[in-house]
Amino acid sequence: MTSVVLALSPFADGIPLFLDALGAFFRPSTLFGVLVDGLAKAALYVMIASGLTLIFGLMGVLNFAHGSVTMVGAYLGGLVMVLLVSQETGDPTRLLAFLLGVVVVFTALAALGGLLEMGLIRPIYDRPPLSQILLTFGLTLILDEFARIVVSFYGLQPISEWQAALATKPAALGQRHDLVVASVSGLKLFEIACGILTVVVIWAFLTRTRYGLYVRAGSEDSEMAAALGVNVRRVFTVVFALGTGLAGVAGVLLAWDQSWGASVPLAVETLLPAFVVVIIGGLGTFRGTVAAGLLVGLIDATMTWWFQNAIAFTGLPEMTIFLVLVVVLVVRPQGLFGVEEVGGH
Amino acid sequence: MAISPSASGVSGANALASSLRSYARDHAVHLLVIAVLAAYPGVYAVAVNSPFSAEAVALLPRVETMVAVLYFGLFAVSFDFVSGYTGYLSFGHATFYGVGAYLVVLTANGKIPLLPASTPFVLLLVLGGLLAVVFAVIIGAVSFRLSGVYFAMITLGFSQVLYVFVRDWGYLGSNPRDGVAVTGRTEGFEIGVPGVDSLSLAVGQLTGDTVELLGVVHLTAAEVSYYMVGIVVLVCYFAMQRVVHSPFGRTLVAIRENEERARAIGYNTFYYKLGAFAISAFFAGIAGGLFAGYRRSVTPESGFYFLTTGDALLASIIGGFGTLAGPLYGHLFDEGVREFLSKGGSGGGLLPYLRENVGQGTMETVVYNGMTVGETIDVFLNGRAALYVGVVFVLFVLYVPNGLLGTVRDRLILSDRDD
């Protein structure tokens, strides 16, 4: 009977290796590698999800088009970098091109987000929350198909990564560097730095600026904020613009990462983890999103290591993320840092 | 279909006759729609051979497409049954569709213990539905502790876990990522009375039966599939329609409108929601079984993936959220547009029509920067249905929130009140 169960199990191939792998996993170099890997993933997840959580926290709109915006950002940022960077360009110039890409993408997509909010979402705020989800879902269909048209018009394969954009990465980021006990890839360190920078900037915006105060007041009680003289409508538009801009910036970074890359399916690939991170953290709390990003990133990296070394089940990391989502929602229905009233009916 | 006005004369009993007559009157619209759908293959055949053949081929969906409209329409209807009536967006509904579909394919390949590969298809449909109910009770028992966005997300979470699982589980087939095809069963899947050969007809594009009646009626495999799948969908639709109009169904609407008040009146809303979820999963499982029986293969993307639920959502919004029959029309619209702008063009559609009927000169006229008319069509129309369906979807959310059927019903009810 046991053998039948084992044969049916998707983990069957890995079982003899399991104990060896357990030993290997707890070696310091492995643990350190997994930690860096996890932090890099966490940084990406937080970058992808922070725009989503800002928008939800203030307006209660679960933006399904968020992943598509990231995808558009990846292509747009990739375009800027491909245009500016040639074979001989040195590392500092490549980083400058990246910065320019970030600025261009943020401006363009924030403008797009602002227009979408004013034109499409503003008329339906008083409808049930479902209509806003549906509207943004429709926007996803349009944006994805539009990207597919444009990309294939220029002779690129929409479903595979854009290699030219990947190649604009500075050489230092493509190499591995020895750090403490293990060698880690430069890109991962760069991603961690970007993630920390994003968190600090958003945190400073929310707590140290007047506009951030408006945003927090609006999230708490938008009617009261309006009564106290805050132009809540404008705050809504600005936050939606910021959120979509942030999604685009995350896309620019993803255009450099071999395991993501600019492609049309990137929209779905980023949307689902972003949802998971935002929900686990608790809808609308930025602190929760950062914590959940760390949690999901580290779990993802651990599971990826186990898949590569012991368990021959390809879907392991992806499946674990959603399992974490289900478990967290069962144990704490409002998410790690969420407030119970948010996100229900 | 089972009850027509002429049946009343046969019974002889007046009471029965009058009740049948009133039933027919209540269901006049249903009978009309059924008649139109039943006549469709005939109309299509006539139109394709008429002088307007080219236009008909380009505009009308093929009978093969209509089969897909029926079984996926049933799935969309079952999605609407729980999401539209209770207001709980079941974003992992594709799970139940996939469970039904995978059960059929895996049984036919002899991979399910205790079920022989030759199990009658009708039994498989019911078993698939029941298995989906088991999944629904487990998922629902956990998920209905949440509401709103969290409910949508936890059901999505469950379905994505299962999606990754079937995508990567080697037991299912040699290459589970590309899906599983029926290999262990050469004969078609028969819908009808199990064991009675003369009362069963096989469905499928290649394996389906063809019918010759009195030398007058010739039905192709696609047409036989259309009618047989149609009968199952019809039975399921009426079953759901019955539930919706029962006190149980009214309670679901009460939950959607104001759950707290429904609870205050004394309804244990948890069990009502779970019941609705299970019933809806049952019919979604049957729809999945029909899909697998007709196509003889299933992929993780067509079964468990969240965009499959998205298609049902699309159909529900365009057809009318919370109107049971609406999603069927919504999906007809969706499939119609997709086929009209399809890439292959094997079943008609815009591109082959233009290629044949617009002069070569027009097609090669340069519009802009060396781009010809033909190329423009190729880039912006050919296979781009998702773009236009998306635009229509957004317009519906903004301006027609009640959908096609919901708006028509509102108009009719308003005009009734004016009388």
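A, B, ... follow the sequence lines: proteins, then strands. Residue 1 opens every chain.
In this structure a side-chain-to-backbone donor-acceptor pair under 3.5 Å is missing from Arg127(A) to Pro401(B). Side-chain atoms of Arg145(B) come within 3.5 Å of backbone N or O of Val330(A) as a donor-acceptor pair.
Of the two parts of Leu146(B), only the side chain, counted from C-beta on, holds a non-hydrogen atom closer than 4.5 Å to a non-hydrogen atom of chain A. Looking at Phe151(B), neither its backbone nor its side chain comes within 4.5 Å of chain A, counting heavy atoms on both sides. When heavy atoms are compared at a cutoff of 4.5 Å, Leu89(B) approaches chain A solely by way of its side chain, counted from C-beta outward. Neither the backbone nor the side chain of Thr320(A) comes within contact range of chain B; no heavy atoms are under 4.5 Å apart. Neither the backbone nor the side chain of Tyr388(B) has a heavy atom closer than 4.5 Å to any heavy atom of chain A. Only the side chain of Val142(B) comes within less than 4.5 Å of a heavy atom of chain A; its backbone N, CA, C and O stay farther away. Of the two parts of Leu398(B), the backbone and the side chain both hold a non-hydrogen atom closer than 4.5 Å to a non-hydrogen atom of chain A. Only the side chain of Leu62(A) comes within less than 4.5 Å of a heavy atom of chain B; its backbone N, CA, C and O stay farther away. Looking at Leu323(A), the atoms closer than 4.5 Å to chain B (heavy atoms on both sides) sit in the backbone and in the side chain alike.
When Ala152(B), Ser143(B), Gly310(B) are compared by the number of non-hydrogen pairs under 4.5 Å with chain A, Gly310(B) comes out ahead. Options Leu307(B), Leu162(B), Ile317(B) differ in how many heavy-atom pairs under 4.5 Å they form with chain A, and the most are formed by Ile317(B).
Counting heavy atoms of neighbouring residues, nucleotides and ligands inside a 6.0 Å radius, atom CZ of Phe307(A) exceeds 12 of them. Shown here is Arg287(A), whose CZ atom has no more than 12 heavy atoms of other residues, nucleotides or ligands within 6.0 Å. For Leu395(B), the CG atom counts as densely surrounded, since its 6.0 Å shell holds more than 12 non-hydrogen atoms of other residues, nucleotides or ligands. Environment of CZ in Arg332(A): crowded, with over 12 heavy atoms of neighbouring residues, nucleotides or ligands closer than 6.0 Å.
Looking at Val268(A) and Phe306(B), their side chains come closer than 4.5 Å, going by heavy atoms from C-beta outward. Phe393(B) places none of its side-chain heavy atoms less than 4.5 Å from the side chain of Ile142(A). Side-chain atoms of Leu141(A) and Leu314(B), non-hydrogen and from C-beta on, do get closer than 4.5 Å to each other. Glu145(A) places none of its side-chain heavy atoms less than 4.5 Å from the side chain of Val389(B).
Atoms CD and CZ, from Glu318(A) and Phe165(B) in turn, are 14.0 Å apart once rounded to the nearest 0.5 Å. Between Ser131(A) atom OG and Phe321(B) atom CZ the span is 10.0 Å, to the nearest 0.5 Å. Atom CG in Leu272(A) sits 5.0 Å away from atom CD in Gln160(B) (nearest 0.5 Å).
Closest heavy-atom contact between Val164(B) and Met319(A): CG1-CB, 3.9 Å. What you find for Leu139(A) and Val394(B) is that their closest heavy atoms are N-CG2, 3.9 Å. Considering all non-hydrogen atoms of both residues, Ile154(B) and Val326(A) come closest at CD1-O, 4.2 Å.
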### Query
Do Phe396(B) and Leu134(A) pass the side chain to side chain contact (heavy atoms under 4.5 Å, CB included) test, and can you show the C-alpha distance, the side-chain angles, and the key distance before you say yes or no?
CA-CA 10 Å; Phe396(B) 263 76; Leu134(A) 297 175; over 6 Å; no
### Message
Applying ring pair (Phe, Tyr, Trp, His ring centres under 6.0 Å) to Phe91(B) and Phe64(A), what does each step give before you reach the verdict?
### Response
CA-CA 13 Å; Phe91(B) 219 78; Phe64(A) 259 77; 5.4 Å; yes
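Contacts of Phe146(A) classified as ring pair (Phe, Tyr, Trp, His ring centres under 6.0 Å), with partners at least two apart in sequence or in another chain: none. Every residue two or more places apart in sequence or in another chain that forms a side-chain hydrogen bond (donor to acceptor under 3.5 Å, both in side chains) with Ser68(A) is listed here: Asp144(A).
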